[in-house]
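All values below come from the heavy atoms of this structure, side chains included, with hydrogens, waters and symmetry mates left out. Reminder, nothing fancy here: chain letters follow the sequence lines and each chain counts from 1.
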Amino acid sequence: MSHQPQYIHVSVAWPYSNGDLHVGHAAGNFLPADIFARYHRLRGNHVLMVSGSDTHGTPITLEADARGISPVEVFEHYHRRFLLTQQKMGISYDLFTHTDTESHHRIAQDIFLLLRENQCLYSETQRLLFSEREGRFLPDRYVEGECYFCGYDSARGDQCDECGNLIDATRLINPRSKNAPDDRLVIRESEHYFIDLSRFSDPLLAYLEGHESHWRANVMQFTRNMIRRGVEEGLRGRPITRDLDWGVPVPLEGWDGKRFYVWFENIIGYFSASVEWAQNVGRPEAWKHWWYNPDAKIYNFLGKDNIPFHTIIWPAELMGISGLYHDGESPLNLPHDVPANEFMNIEGRQFSTSRNWAIWLPDILERYQADAIRYYVAMTFPETHDSDFAWEGFLARVNNELVAAWGNLVNRALNFAWRNFDARVPQPGALGDSDRAIIARSEAGFAEVGALLEQVRLRDALQAAMEIVRAANAHLSEREPWIRIREDREDAAASVYATLKVIDNLKILLAPYLPFSAQQLHEMLGYDGRLFGALEIHDFQEATHSHEALCYDPQGAIGNWSASELPPGQQLREPKALFTRLEPEIVESERAFLGAKREEREIS
RNA sequence: GGUGAUAUAGCUCAGCCGGUUAGAGCGCGGGACUCAUAAUCUCGAGGUCGGUAGUUCGAAUCUACCUAUCACCA
């Protein structure tokens with residue numbers, strides 16, 4: 001199964017660093033990305049997986065205001081926690097950085113200037129709400145007023161909570177500042193840049209046509225209709241700058257009080273983080289293998305709320321800046337796939353951070369194994385529709401599937417060899433038909449599970465691997481080595497050897513999902529070395545600031561997506577249970593956390 | 001209001017460019033086994049596929065309308 005290594009770029013939507021990560025982030029964004037990335041790493045492909053904290057945007061400044069601290073303090077606090085949380089989860093980013101680096105600022109500004117030079121932007125005067133007292137324009141989220149649909153008195157600047165209509169803040173009746181209700185706002189004009197999407201309608205449609213066969217139905221249909229409608233009416237431009245003091249500055253004379261819109265700038269992070277990564281590893285041109293190589297494939301992992309940004313705006317931006325930092329012929333690569341996930345609900349209800357209806361990753365990582373969380377969330381991935389995280393389901397899947405089926409298969413086979421075959425992989429002699437069949441079955445898993453992983457059908461791929469687990473348990477029960485060993489030691493050795501070999505294969509098939517226990521199992525089987533590289537937090541110094549980032553170092557990784565060659569006679573290490581069985585009581589105790597007041601605890 | 005996705009056994013889901021008695025895992029009931037974290041194996045009972053109306057020899061699978069949920073847009 002040797003093949004030319006491919007260049008696979010895995011980019012993950014950037015979370016706002018204004019609060020901890022919860023299972024929604026894992027389910028929609030970074031866990032599918034990590035599973036996909038780890039699979040490709042095992043395949044021997046060149047993977048570049050990047051993301052980072054979004055340090056800008058009104059969620060950050062709102063949080064800063066609420067706590068009476070600076071936006072920098074807010075984002076640095078949560079950025080640090082993101083690094084620790086994702087390290088514990090084993091999310092193998094080559095680089096998880098943030099958007100307040102000098103590198104990102106410069107690249108975002110370069111992209112803006114090139115888009116402007118290439119006439120992909122236009123400027124227009126907008127009417128916006130201005131606070132004379134504060135001497136600044138107020139973002140919609142800072143504005144309240146009377147709803148012009150229903151008359152509700154405290155409609156927000158972006159949406160009315162009473163009637164649900166979206167609001168144009170300048171049309172609110174008696175608009176006022178949310179923080180200072182007696183501060184009456186006035187309308188003032190301000191010049192802004194817009195991205196001219198209308199000129200990209202045809203190239204975007206052509207781009208979609210090239211990916212029809214493998215994009216998820218919702219992503220493709222939704223995007224296509226949006227663009228088609230745009231072709232009829234002209235895709236509307238979107239403002240990319242706004243009047244703010246927190247964000248990436250607009251690099252033009254006289255634009256001091258303006259910053260980029262956060263969605264324009266954070267999505268550029270996929271590109272800027274790639275460039276930063278290349279810099280960090282001392283190969284400053286290396287990012288081009290993914291961005292300017294026609295054979296490379298870029299995958300964006302995100303939630304469904306983010307689809308149009310990734311399938312319309314970002315590709316348009318990339319088309320508009322092709323050639324940036326590069327002399328060659330090929331254009332910048334566009335996303336090859338945008339496998340957006342739907343949402344994960346909690347115990348039948350929608351996430352709500354304000355009501356604390358959420359499951360916080362730093363908290364549950366204190367109580368459960370990372371692989372157990374990864375397993376349940378992966379089995380429940382909202383790939384085709386919204387799914388539900390239910391603690392009863394967590395308990396059942398961990399105990400019945402992870403512990404009882406997979407963990408127990410490992411445990412019974414290794415224990416048997418440990419006690420009856422001198423702590424070694426038995427010398428098999430002649431294998432029986434069913435021994436050969438189960439080995440063949442597990443070896444076929446590399447093609448079967450691999451094909452599903454490549455289509456980003458991660459739930460199906462995991463299910464396919466678990467079917468092999470069940471077949472292996474059935475094989476062992478049918479062969480009964482614990483009985484056969486009394487009269488035919490060779491026969492028992494054959495069936496146990498076959499089982500260990502199957503387990504060795506399953507170790508790799510499951511490794512993208514269960515990297516921690518796969519490593520433990522690897523060692524119990526008597527191997528040395530690490531299946532994957534190391535995941536570490538490093539500090540990077542720029543001209544005036546330094547920042548921390550999570551970095552995957554592939555050095556020394558020996559894991560390989562290919563059939564086991566388990567050597568007979570190999571010395572085993574003492575088997576220990578891979579997974580902890582959970583008590584039924586956790587269902588009630590975990591449910592009690594939902595909706596209750598939460599204290600943020602130090603991450604150990 | 002528009003666009004898209006989703007709606008299948010108690011639960012979680014697969015099947016859906018039409019075609020034999022609608023599949024899997026879990027749960028549940030009956031057997032077997034004891035190497036294993038009371039784990040494993042095996043047999044079985046459970047759905048007529050959100051609703052209505054069509055197309056067709058034949059629809060969970062196609063069409064229209066409706067309902068519900070979610071997202072995006074207005």
Side-chain angles (χ1 to χ4, degrees), chain A residues 28 149 158-159 163-168 213 215-230 232-233 235-236 238 302-313 340-345 348-351 376 378-390 392-421 452 457 459-460 462-467 469-486 492 495-496 499 503 575-583:
Chain A
F149 289 103
D158 51 353
Q159 189 173 23
C163 65
N165 281 301
L166 294 188
I167 295 284
D168 172 356
S213 56
W215 279 24
R216 289 184 181 169
N218 62 337
V219 180
M220 175 56 75
Q221 306 282 60
F222 181 66
T223 303
R224 186 162 42 197
N225 270 337
M226 206 174 238
I227 297 175
R228 276 188 186 155
R229 206 168 40 152
E232 288 158 24
E233 304 166 14
L235 269 180
R236 306 204 323 174
R238 287 185 74 114
L302 53 281
K304 64 177 166 181
D305 53 330
N306 245 328
I307 291 172
F309 291 103
H310 289 77
T311 57
I312 297 179
I313 296 173
N341 268 0
E342 309 286 304
F343 286 171
M344 182 176 265
N345 295 317
R349 284 167 57 181
Q350 279 192 66
F351 256 107
Y376 177 68
M379 269 296 190
T380 319
F381 273 154
E383 288 180 353
T384 48
H385 47 74
D386 288 357
S387 68
D388 192 42
F389 188 116
E392 230 165 60
F394 179 77
L395 176 79
R397 289 217 114 112
V398 170
N399 281 352
N400 300 332
E401 298 175 24
L402 201 54
V403 178
W406 171 229
N408 185 238
L409 171 67
V410 170
N411 201 232
R412 65 198 294 217
L414 281 172
N415 254 307
F416 195 81
W418 181 264
R419 289 182 189 157
N420 297 289
F421 291 98
L452 291 166
R457 292 171 57 185
R459 217 176 36 197
D460 289 347
L462 179 53
Q463 256 151 18
M466 289 304 287
E467 264 178 50
V469 168
R470 278 178 227 110
N473 266 321
H475 163 261
L476 199 56
S477 294
E478 179 215 322
R479 294 281 277 121
E480 300 181 311
W482 48 91
I483 291 172
R484 301 288 298 158
I485 195 167
R486 295 174 204 152
S495 61
V496 172
T499 303
I503 286 172
K576 295 196 190 79
L578 288 178
F579 307 106
T580 310
R581 206 181 150 72
L582 302 177
E583 297 302 325

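Within the 3.5 Å criterion, the main-chain N or O of A:Asn411 finds a donor-acceptor partner in the side chain of A:Asn415.
Both A:Met379 and A:Arg238 lie close to RNA chain B; mapped to their nearest nucleotides by heavy-atom distance, the more 5′-ward contact belongs to A:Met379. Nearest-nucleotide positions on RNA chain B place A:Glu467 closer to the 5' end than the other of A:Glu478 and A:Glu467.
One distance of note links CZ of A:Phe389 with CZ of A:Phe351; it measures 9.0 Å at 0.5 Å rounding.
Between the CD atom of A:Glu392 and the P atom of B:rG10 there is a distance of 16 Å, rounded to whole Å. In this structure, CG of A:Asn345 is placed 11 Å from P of B:rU12, rounded to the nearest angstrom. One can place CH2 of A:Trp406 at 17 Å from P of B:rC26, the figure rounded to the nearest angstrom.
Between A:Phe416 and A:Phe421, the ring-plane angle classifies as tilted under the 30° and 60° cut-offs.
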Each nucleotide in nucleotides 27-39 of chain B should get exactly one letter: B, S or -. Can you fill that in based on protein heavy atoms under 4.0 Å?
S-----SSBBB-S
For nucleotides 1-7 of chain B, read 5' to 3', which letter fits each nucleotide if B means a protein heavy atom sits under 4.0 Å from the base, S means only the sugar-phosphate is that close, and - means neither?
-SBSSS-
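Only the C1' atoms considered, B:rU21 is 15 Å distant from B:rG46, to the nearest whole Å. Separating the C1' atom of B:rU3 from that of B:rG58 is a span of 34 Å, rounded to the nearest Å. Distance check on atom C1': B:rA59 versus B:rA22 gives 12 Å, rounded to whole Å. B:rC57 and B:rA14 have their C1' atoms separated by 29 Å, given to the nearest Å.
Regarding contacts with the backbone of B:rG25, every side-chain N or O of A:Gln463 stays at 4.0 angstrom or more from both OP1 and OP2.
Within the 4.0 angstrom heavy-atom criterion, only backbone atoms of the sugar-phosphate kind lie near A:Ser387; the bases stay farther away. When heavy atoms are screened at a 4.0 angstrom cut-off, A:Pro308 is found touching the sugar-phosphate backbone but no base atom. Residue A:Arg216 is classed as having no contact, given no heavy-atom separation below 4.0 Å to the nucleic acid. Within 4.0 Å (heavy atoms only), A:Gln350 reaches sugar-phosphate atoms of the nucleic acid but no base atom.
Salt-bridge check for A:Arg397 with A:Glu401: passed, with a basic side-chain N closer than 4.0 Å to an acidic carboxylate O.
Helical stems in RNA chain B, defined as runs of 3 or more consecutive Watson-Crick or G-U wobble pairs with donor-acceptor distances under 3.5 Å: B:1-7 with B:67-73, B:10-13 with B:23-26, B:28-32 with B:40-44, B:50-54 with B:62-66.
Side chains of A:Trp406 and A:Ile503 form a contact here, defined as non-hydrogen atoms less than 4.5 Å apart.
Between A:Met379 and A:Leu462, the closest heavy-atom pair is CG-CD2, 3.7 Å.
Comparing atom distances between the A:Arg459 side chain and each of B:rC70, B:rC41, B:rA14 picks out B:rA14 as nearest.
In textbook terms, a nucleotide whose glycosidic angle is within 90° of 0 is syn, while B:rG54, being further out, is anti.
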